[in-house]
Amino acid sequence: MPVETCVDPGAPAAGVATLRHTWPVREYDLAATLESGQVFRWTPEDGGWEGIVAGHWVRLTATPHTLTAETCVPQTDWNWLARWLRLGDDLGAIVATFPPDPPLQEAVSACRGLRLLRQDPWECLASFILSSTKRIPHIRRIVGTLCTRFGRPVPVPPGRAPGFAFPPPARLAGATEAELRACGMGFRAPYLRAAAQAVATGVLRLETLPELPLATARQRLMALPGVGRKIADCVLLFAAGFDAAFPVDVWVLRALRQLYFPRRRLPPRRLRAFTETHFGPYAGYAQQYLFHYMRVRLGRNARSDPAGPTGRSGGGPAAGTPAGFCPQVGQFSR
DNA sequence: GTCCAGGAGCCAT
DNA sequence: ATGGCTCATGGA
């Protein structure tokens, strides 16, 4: 679906550089999108959100029906940002492809307007290599330190903290493991360095991933040390255009066990088979709704495991599976 | 102190 | 194929 641009009534003619641009949007929850664990470099500021995209400082503000971007370097073309924001997505059409099961419908209702972004593949790969067994605030700090120490300074408006681009592969490939560890990333340092070297030397060509079949693209990523199924799927979904990729982390695993199979003990293999057949062509979008729903609505209550020795989960308002719901089990009973 | 985090690699069954 | 154990680090 083509991305609409320049429909702001007061927008200048094409070719004129501006510092601000407004798009009309429907159902775009900017805060939920930027806080849902896809990206790690955005901070709320003065009622908007500020971050760095493609080496540009960007401030985003939202109203119920518009999204406005500001930069501090005049832009003649805003399509790079529209693409990053995935403004061309028809969210209603995407949600319409979801299976009508109660858990997913509840998650969609609770997180209306949550979107996926289309990130730079290298930043995404590097960030998720740093994400393993880390909480999101800590990932944000490690990535921030990495950018401060290795990234190119970028122009920011007066009064703002200094901004830095995400460091390119060649820059990190040339860093020592000790320098990387000093950013707080621990045992992930050699993984990040190896990935930077693979991309910088052309052994791994991230720009070609979108042209490959999903399984092939996944194999290329998983060839890197420190990159397994989950991190590979994050890159495929968040940066390479594979909307069917379905990263399974501890939260999504919890969602699957508690919301879909509350009184069974399915091994991860069976659960993965379920995710590959149940959620449809936008499975990755569905995954993002389940992930965010588990985090913001259930929070701490989600940690008890109904299938484990602790018994029933705690009494959050939406903590229970709708009574009597049983997903189609025939398709994976073999 | 103990547990856990948007995991993955290694080794023993 | 599957189940433990370990790898840093910091916050609750």
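Chain identifiers are assigned alphabetically (A, B, ...) following the order of the sequence lines, protein sequences preceding nucleic acid strands; residue numbering begins at 1 within each chain. Computed from a predicted structure; not experimentally measured.
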Notebook entry, point to check: Between B:dG6, B:dG7, C:dT9, which nucleotide gets closest to the side-chain atoms of A:Lys134?
Noted result: C:dT9

Item checked: Distance in angstrom units between A:Leu125 CG and B:dG7 C1', rounded -> 14 Å

Item checked: Verdict with supporting geometry, A:Arg188 and A:Thr133, side-chain hydrogen bond (donor to acceptor under 3.5 Å, both in side chains) -> CA-CA 10 Å; A:Arg188 303 158 194 83; A:Thr133 53; 3.3 Å; yes

Next item on the list: Kindly say whether the aromatic ring centers of A:Trp42 and A:Trp57 come within a distance under 6.0 Å.
Entry: no

Next item on the list: Would you kindly give the CZ-to-P distance between A:Phe128 and B:dG7, to the nearest whole Å?
Entry: 10 Å

Check: Can the ring centroids of A:Trp80 and A:His56 be said to lie less than 6.0 angstrom from one another?
Finding: yes

Next item on the list: Look at the side chain of A:Arg188 against the base of C:dC7 and say whether a donor-acceptor pair falls under 3.5 Å; ignore hydrogens and angles.
Entry: no

Margin query: Quick check for you: among C:dG10, B:dG7, C:dT2, whose closest atom lies nearest to any side-chain atom of A:Arg141?
Written below: C:dG10

Next item on the list: Starting from C1' on B:dG9, measure out to CZ on A:Phe187 and report it in whole angstrom.
Entry: 10 Å

Next item on the list: Could you tell me if the ring centre of A:Phe40 sits under 6.0 Å from that of A:Phe128?
Entry: yes

Check: Across all strands shown, which nucleotide pairs with C:dT6 by Watson-Crick or G-U wobble geometry, both distances under 3.5 Å?
Finding: B:dA8

Check: Which of residues 221-246 of chain A sit near DNA chain C, with a heavy atom under 4.0 Å from it?
Finding: none

Notebook entry, point to check: Heavy-atom contacts under 4.0 Å between residues 112-122 of chain A and DNA chain B, which residues?
Noted result: none

Next item on the list: Would you check if the distance from the ring center of A:Phe98 to the ring center of A:Phe279 is below 6.0 Å?
Entry: no

Checklist line | Closest to side chain of A:His138, choosing from C:dG10, B:dA5, B:dG6 | finding: C:dG10

Notebook entry, point to check: Just how far, in rounded Å, is P of C:dA8 from CG of A:Leu192?
Noted result: 16 Å

